[in-house]
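Being a predicted model, the structure only gives us computed values, none of them experimental.
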Amino acid sequence: QVQVVESGGGLVQPGGSLRLSCVASGFRLTNYWMYWVRQAPGKGLEWVSAINIGGDRTYYSDSVKGRFTVSRDNAKGTLYLQMNGLKSEDTAVYYCSPRVEYKPLEAMRDSDYGSWGQGTQVTVSS
């Protein structure tokens, strides 16, 4: 069964940090670009980060640039998102999404998300 399992979310105070993980199951992570996408309550999907197969090219949305860092460990089949300086507006369910070919974050649409996993909830609140 082809799927991903996201984890690492939780409740954190503003200014805090979390590290999300995404484990690939049933497919080889090395065949895909990997994206992080989030959905805040009552809002659509926001594509926040992308990383190439080798892990040496990363992209971020303006809303998270300078605070979030994406990385991957292909040997472990795992994608990460280190989130620092969290804000209340970062509250969302976070999903990871594989993609065969690169597409700029600003061009990604809801239809590009394949519902590979259940996501992990991040809540930023005092």
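The aromatic rings of Tyr95 and Tyr113 lie tilted to each other, with the angle between the two planes from 30° to 60°. Using a 30° and 60° split on the angle between ring planes, Tyr102 and Tyr35 fall in the parallel class, below 30°.
Distance CE/Met34 to OG1/Thr30: 11.5 Å, rounded to 0.5 Å. Leu86 contributes atom CG, which lies 11.5 Å from atom CD of Gln13 (distance to the nearest 0.5 angstrom). Note: Asp56 CG to Arg72 CZ = 10.0 Å, rounded to the nearest 0.5 Å. Of the inter-residue distances, the one linking Cys96 atom SG with Trp116 atom CH2 reads 9.5 Å to the nearest 0.5 angstrom. Taking CG of Leu29 as the start and SG of Cys22 as the end, the distance is 7.0 Å to the nearest 0.5 Å. Here the OG atom belonging to Ser71 is positioned 7.0 Å from the CG atom belonging to Leu79, to the nearest 0.5 angstrom.
Tyr80 and Val23 end up in different hydrophobic clusters when Ile, Leu, Val, Met, Phe, Trp and Tyr side chains are linked at under 4.5 Å. Tracing side-chain contacts under 4.5 Å through hydrophobic residues (I, L, V, M, F, W, Y), one never reaches Trp47 starting from Met83; they form parts of separate clusters. Note on Val4: it clusters hydrophobically with Tyr94, by side-chain heavy-atom contacts below 4.5 Å among ILVMFWY residues. Residues Trp36 and Tyr59 are members of separate hydrophobic clusters, defined by side-chain heavy-atom contacts under 4.5 angstrom among Ile, Leu, Val, Met, Phe, Trp and Tyr. There is no path of hydrophobic side-chain contacts, each under 4.5 Å, that joins Val100 to Met108.
Counting only heavy atoms from C-beta outward, the side chains of Phe68 and Asn84 never approach each other to under 4.5 Å. At least one side-chain heavy atom of Val122 sits less than 4.5 Å from a side-chain heavy atom of Leu20. Between Gln82 and Ser17, the closest side-chain pair of non-hydrogen atoms falls below 4.5 Å. The side-chain heavy atoms of Arg38 and Asp90, taken from C-beta on, include a pair separated by under 4.5 Å. The shortest distance between side-chain heavy atoms of Val70 and Tyr60 falls below 4.5 Å. Proximity of Arg109 to Leu45: side-chain heavy atoms (C-beta onward) are nowhere separated by under 4.5 Å.
A donor-acceptor contact shorter than 3.5 Å links the side chain of Asn74 to the backbone of Ile53. Remark: the backbone N or O of Gly85 is paired with a side-chain donor or acceptor of Arg67 at under 3.5 angstrom.
Gly114 and Ser97 make their closest contact through N-OG, 4.3 Å (heavy atoms, listed as atom of the first residue, atom of the second, distance). When all heavy atoms of Ser21 and Thr78 are compared, the pair lying nearest together is CB-CG2, 4.3 Å.
Around atom CD of Gln118, no more than 12 heavy atoms belonging to other residues, nucleotides or ligands sit under 6.0 Å away.
With respect to the salt-bridge test (charged N to carboxylate O, under 4.0 angstrom), the residues Lys65 and Asp62 qualify.
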ask   = Could you walk me through whether Ser125 and Thr123 pass the side chain to side chain donor-acceptor pair (under 3.5 Å) check?
value = CA-CA 6 Å; Ser125 175; Thr123 303; over 6 Å; no
